[in-house]
Peer 1: 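Below: one structure in structure tokens.
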Amino acid sequence: MRIARFSIDGNVAFGVVEGDSSAKEGPVLDIIKGHPFAEFERSGQTVPIGKVRLLPPVLPSKVVAIGRNYAEHAAELGHEVPDVPVAFFKPSTAVTGPGDPIAYPAFSSEVHYEAELAVVIGRMCREVPRDRVKDVILGYTCANDVTARDVQRSESQWARAKGFDSSCPLGPWVETELDPADLGIMCTVNGEQRQLGRTSDMVHSVADLIVHITEAMTLLPGDVVLTGTPAGVGPLNVGDEVAVTIEGIGTLTNKVIKRG
């Protein structure tokens, strides 16, 4: 099931995505009663997806991101593969949605794309045992861990490099029925392929990451875990259109603009 969050006529709602772009009228959203973090009913009231504005599929209290979780990506930046996951935060204010702009920060001259699989948490949890990880996950979406690489190199903490406004595009929706073990991940810039990898190349699996993170902190419904990026990261420039496509989910597209 694909669940999108959207706005129409000034109202915000969740809906189940039905159909695909091959259909004559395109996909539609069956508006749900309530929210996806509890039992819900479909209203039967549908709206074409082309007539709404898709929003970030969730509004997380925090985004917990993982660095250097693909060996080839660690190598391309000159780093060793860590024995334990390297975690950092992106604030809720970094989150933006499909089709929304990525604002190039004035304090950087080297902003990079990083295509990633994002895990969306479905229930409050901590100290999750490995055999219960699936129970706390609502689903998966596409993410772009946009990074001011020059700032990351010059500052020992990554808060500014990875936490600036619009540095965490998410979307276009949450896919709830997906095995994350071996999915293709691709990033294109202006239609040209820049990254191509598979989640099976992750050093630490989704289950590893959830267990590791929840040893330290409580995750809340709607929180997001970014699972790392494959090799091939590189620069974005003002005017570029960057797209992250993940097998079984869809495509997240954003355009880079100058920060006003």
Side-chain angles (χ1 to χ4, degrees), residues 1-60 95-103 113 115-120 122 137-144 146 166 168-180 182-196 198-199 222 224 226 236 239-257:
M1 181 184 299
R2 292 177 173 178
I3 302 175
R5 181 171 163 269
F6 64 95
S7 67
I8 184 170
D9 298 330
N11 298 309
V12 175
F14 289 94
V16 176
V17 182
E18 297 181 335
D20 55 41
S21 56
S22 64
K24 183 177 180 181
E25 297 181 355
V28 299
L29 291 163
D30 187 345
I31 300 172
I32 68 174
K33 298 177 181 178
H35 57 76
F37 303 107
E39 293 293 329
F40 64 83
E41 296 180 4
R42 300 191 192 197
S43 68
Q45 178 183 354
T46 62
V47 58
I49 204 166
K51 300 211 170 184
V52 307
R53 179 191 171 199
L54 288 179
L55 302 173
V58 288
L59 288 177
V95 172
T96 193
D100 291 339
I102 297 167
Y113 53 81
E116 307 203 9
L117 175 71
V119 184
V120 179
I137 295 174
L138 174 65
Y140 302 88
T141 193
C142 305
N144 194 342
V146 184
S166 75
C168 190
L170 297 174
W173 40 63
V174 177
E175 172 57 68
T176 64
E177 299 171 14
L178 193 68
D179 182 348
D182 186 27
L183 303 174
I185 301 180
M186 180 174 67
C187 179
T188 64
V189 178
N190 302 325
E192 178 183 339
Q193 181 182 300
R194 299 291 179 84
Q195 287 181 284
L196 187 65
R198 302 198 69 83
T199 58
V224 170
L226 304 188
L236 289 170
D240 284 346
E241 184 176 82
V242 57
V244 175
T245 300
I246 299 181
E247 182 181 357
I249 300 175
T251 299
L252 167 69
T253 303
N254 302 90
K255 191 165 185 178
V256 183
I257 66 170

Peer 1: Side chains of I249 and L117, heavy atoms from C-beta outward: is any pair under 4.5 Å?
Peer 2: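 Result yes, sub-4.5 Å side-chain heavy-atom pair found.
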Peer 1: With rounding to the nearest 0.5 angstrom, report the CD1 to CG distance, I246 to L183.
Peer 2: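 Separation between the atoms: 7.5 Å.
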Peer 1: Where do T199 and P180 come nearest, in terms of heavy atoms and distance?
Peer 2: OG1-O, 2.7 Å
Peer 1: As an exercise, state the distance from CG of L55 to CZ of F14, rounded to the nearest 0.5 Å.
Peer 2: 9.0 Å
Peer 1: Do you know which two heavy atoms are closest between T96 and S166, and how far apart they sit?
Peer 2: CG2-O, 4.0 Å
Peer 1: As a quick check of understanding, evaluate side-chain contact (heavy atoms from CB on, under 4.5 Å) for F6 and V12, giving each step before the final call.
Peer 2: CA-CA 6 Å; F6 64 95; V12 175; over 6 Å; no
Peer 1: Less than 4.5 Å apart, any side-chain heavy atom of L226 and any of C168?
Peer 2: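 Yes; the side chains approach each other to less than 4.5 Å.
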Peer 1: Between V174 and P57, which heavy-atom pair has the shortest distance, and what is it?
Peer 2: CG2-CB, 3.7 Å
Peer 1: Can you check whether G171's main-chain N or O pairs, donor with acceptor, with T141's side chain at less than 3.5 Å?
Peer 2: yes
Peer 1: Tell me whether R5 contacts the main-chain N or O of P56 through its side chain, where contact means a donor paired with an acceptor under 3.5 Å.
Peer 2: yes
Peer 1: To check you understand the geometry: which heavy-atom pair defines the closest contact between C187 and V242, and what is its length?
Peer 2: SG-CG2, 3.7 Å
Peer 1: Report yes or no: does Q195 contribute a side-chain atom to a donor-acceptor pair with the main-chain N or O of T188 at less than 3.5 Å?
Peer 2: no
Peer 1: With rounding to the nearest 0.5 Å, note down the distance linking CG in L236 to CG in N144.
Peer 2: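 So the gap between those two atoms works out to 7.0 Å.
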Peer 1: With sequence neighbours left out, write down each residue that passes salt bridge (Lys or Arg N to Asp or Glu O under 4.0 Å) with R53, or none if nothing qualifies.
Peer 2: D100
Peer 1: I need the E18 CD to R2 CZ distance, nearest 0.5 Å.
Peer 2: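 Answer for the CD-CZ pair, E18 versus R2, is 12.5 Å.
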Peer 1: Check whether any side-chain N or O of R198 sits under 3.5 Å from a backbone N or O of D182 as a donor-acceptor pair, and report yes or no.
Peer 2: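 Present.
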Peer 1: Donor-acceptor pairs under 3.5 Å, side chain of residues 29-40 to any protein atom, not counting sequence neighbours: which ones?
Peer 2:
| from | atom 1 | to | atom 2 | distance (Å) |
| --- | --- | --- | --- | --- |
| D30 | OD1 | G44 | N | 3.0 |
| H35 | ND1 | F37 | N | 3.1 |

Peer 1: Minimum heavy-atom separation for M186 and L196, please, with both atom names.
Peer 2: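 Heavy atoms of M186 and L196 come nearest at CB-CD1, 4.0 Å.
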Peer 1: Within the 4.5 Å heavy-atom criterion, are W173 and I3 side-chain neighbours or not?
Peer 2: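 Counting from C-beta outward, W173 and I3 never come under 4.5 Å.
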Peer 1: Can you name the closest pair of heavy atoms from P98 and L170 and give their distance?
Peer 2: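 Scanning both residues, the minimum pair turns out to be CD-O, 3.3 Å.
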Peer 1: Can you name the residues that form a side-chain hydrogen bond (donor to acceptor under 3.5 Å, both in side chains) with E241, not counting sequence neighbours?
Peer 2: none
Peer 1: Less than 4.5 Å apart, any side-chain heavy atom of V224 and any of V95?
Peer 2: no
Peer 1: For Q193, does the CD atom sit with more than 12 other heavy atoms under 6.0 Å from it, leaving out its own atoms?
Peer 2: yes
